[in-house]
2 protein chains.
Amino acid sequence: MVYNMDIKTDKGEMMAVFFRRSRDNGLKITPQRSAIYQELIQAKDHPSADDVYKRIIKKIPNISFDTVNRTLLTFSKIGIANIVEGYGQAKRYDPDLETHHHFRCMKCNTIIDFHNKEYDNLKVPEDMRKQFTAMSKKVVLEGLCSKCKRR
Amino acid sequence: MVYNMDIKTDKGEMMAVFFRRSRDNGLKITPQRSAIYQELIQAKDHPSADDVYKRIIKKIPNISFDTVNRTLLTFSKIGIANIVEGYGQAKRYDPDLETHHHFRCMKCNTIIDFHNKEYDNLKVPEDMRKQFTAMSKKVVLEGLCSKCKRR
DNA sequence: TTGACAAATAGGAATGGTTCTTATATGGTT
DNA sequence: AACCATATAAGAACCATTCCTATTTGTCAA
């Protein structure tokens with residue numbers, strides 16, 4: 001008896017998305033790419049390229065760091081992974097200590113400040129407040145700025 | 001007649017905060033530090049350490065990059081500047097494409113995902129929608145995680 | 001199934017940003 | 001005015017990322 005036969009796990013679905021999106025974008029399905037994607041969906045800690053490399057080298061001992069790094073960037077380009085805070089740029093500083101919010105252009109990485117009362121008044125959810133001490137909150141919008149939209 | 005005599009500009013106030021906070025934290029007021037802070041409050045683009053260095057070298061030609069970098073880090077430690085998105089870490093990846101939100105620990109840099117309906121339903125403000133195309137929005141809370149709180 | 005070709009990979013070199021080290025200089029205090 | 005802890009300049013070291021090139025490998029069409 002094969003109980004699991006028809007159960008589509010989340011991860012199974014994610015792998016299916018991976019195959020489809022790769023094909024749709026004319027990308028070859030290589031063992032390295034598959035392994036990197038698998039490693040990523042197993043991870044629960046928003047790993048860096050180096051983190052993924054360190055884990056995957058146990059399974060594919062001669063994989064190169066460059067492949068891991070390049071592949072993760074490819075994943076974000078075809079929309080099967082997102083890059084989270086820490087955009088791999090130099091640290092950027094802001095002397096404005098008032099609560100404000102950010103729009104970030106995904107193309108040119110410009111960060112634009114904006115103010116918004118509704119956003120300022122957001123409450124930290126109860127369950128988060130129990131575990132953590134939140135000292136600041138801000139809304140981050142990401143998309144295309146007017147310059148990059150034109151192109 | 002000195003019209004401006006009593007007008008405290010924002011920047012004047014900011015400089016006052018700079019002096020006070022520096023003293024309170026036992027930091028010396030050096031020409032370099034003052035100049036770096038002035039440069040920062042004039043900037044409107046969330047500059048990187050290198051950006052600030054390139055600007056300030058015109059005024060203090062023999063200042064070193066290291067001083068600029070170290071000083072900006074000091075500013076964020078004593079709370080007169082914030083570091084914005086791009087925490088100077090490696091890029092970090094997330095295979096979860098659903099809308100979710102982030103809590104970031106300011107000490108250990110851990111990013112914790114959480115879900116929240118109210119946050120999901122936030123509207124992009126009208127004036128932002130006119131200028132930009134927002135493709136994602138998320139709330140970022142920053143503070144201390146349970147581990148770092150204990151210490 | 002095989003052959004051809006475009007795409008992907010490994011490995012190492014190069015780059016760019018950040019941090020460390022150390023000798024010298026200086027702000028703040030006595 | 002003199003002292004000392006702190007800050008600075010300069011360059012080396014470090015780390016993450018990207019580039020380069022020769023080799024390998026999916027994929028597709030015959």
Side-chain angles (χ1 to χ4, degrees), chain A residues 18-39 45-78 80-81 83-93 109, chain B residues 18-39 45-78 80-81 83-93 109:
Chain A
F18 163 69
F19 287 121
R20 180 154 39 79
R21 287 273 192 134
S22 295
R23 294 231 171 73
D24 291 353
N25 285 277
L27 298 182
K28 293 173 180 170
I29 312 286
T30 66
Q32 289 91 335
R33 271 192 187 139
S34 305
I36 291 166
Y37 188 70
Q38 276 204 21
E39 201 65 53
D45 60 347
H46 310 86
S48 68
D50 196 57
D51 292 331
V52 176
Y53 173 67
K54 286 202 180 86
R55 290 169 203 174
I56 213 163
I57 205 166
K58 289 169 194 164
K59 293 169 190 166
I60 307 182
N62 74 326
I63 199 170
S64 71
F65 172 79
D66 188 56
T67 295
V68 175
N69 188 53
R70 187 170 17 77
T71 300
L72 288 168
L73 287 170
T74 303
F75 287 171
S76 80
K77 270 180 206 139
I78 67 170
I80 57 173
I83 297 177
V84 301
E85 292 87 288
Y87 305 115
Q89 304 276 355
K91 282 193 192 70
R92 293 167 68 175
Y93 295 89
N109 250 335
Chain B
F18 163 68
F19 287 122
R20 181 154 40 78
R21 287 274 192 133
S22 296
R23 294 229 173 74
D24 291 352
N25 286 276
L27 299 181
K28 293 174 181 170
I29 311 288
T30 67
Q32 290 92 334
R33 269 190 189 141
S34 306
I36 292 166
Y37 188 72
Q38 277 204 22
E39 201 65 53
D45 59 346
H46 310 87
S48 67
D50 195 57
D51 293 331
V52 175
Y53 174 67
K54 287 202 180 84
R55 290 168 204 174
I56 213 163
I57 206 166
K58 290 169 192 163
K59 294 169 190 167
I60 307 181
N62 75 326
I63 199 169
S64 71
F65 171 80
D66 187 57
T67 295
V68 175
N69 187 54
R70 186 169 19 76
T71 300
L72 289 168
L73 287 170
T74 304
F75 287 172
S76 81
K77 270 180 206 140
I78 66 170
I80 59 173
I83 297 176
V84 301
E85 293 87 287
Y87 304 115
Q89 304 277 353
K91 283 194 193 68
R92 293 166 68 175
Y93 296 88
N109 250 335

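Proteins come first, then strands; the chains are lettered A, B, ... in the order of their sequence lines, and each starts at number 1. Atom set for the values below is all heavy atoms of this structure, side chains included, hydrogens, waters and symmetry mates excluded.
A heavy-atom distance below 4.5 Å is found between the side chains of A:Asp50 and A:Lys54.
Of the inter-residue distances, the one linking B:Leu27 atom CG with B:Phe75 atom CZ reads 9.0 Å to the nearest 0.5 angstrom.
Here D:dT6 presents its P atom at 13 Å from CG of B:Asn25, a figure rounded to the nearest Å. Separating the NZ atom of A:Lys54 from the P atom of D:dT17 is a distance of 11 Å, rounded to the nearest angstrom. Distance B:Phe75 CZ to D:dA7 P: 11 Å, rounded to the nearest Å. Here C:dA10 presents its C1' atom at 10 Å from OH of A:Tyr53, a figure rounded to the nearest Å. Atoms CG (B:Leu72) and P (D:dA7) sit 15 Å apart, rounded to a whole Å.
Taking all atoms of both residues into account, the shortest heavy-atom contact from B:Ala35 to B:Ile60 is CB-CD1, 3.6 Å.
For the pair B:Asp24 (side chain) and B:Arg21 (backbone), a donor-acceptor distance under 3.5 Å is absent. In terms of modelled atom types and a separation under 3.5 Å, the side chain of B:Asn69 and the main chain of B:Phe65 share no donor-acceptor contact.
Contact annotation: B:Thr67 does not reach the phosphate of D:dT8 (side-chain N/O to OP1 or OP2, under 4.0 Å).
Across A:Arg55, A:Lys59, A:Lys58, a single residue satisfies side chain to side chain donor-acceptor pair (under 3.5 Å) together with A:Glu39, and that is A:Lys59.
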In 5'-to-3' order, the base (B), backbone-only (S) or no-contact (-) status of each nucleotide in nucleotides 18-30 of chain C, using a 4.0 angstrom heavy-atom cut-off, is BBBB-----BS--
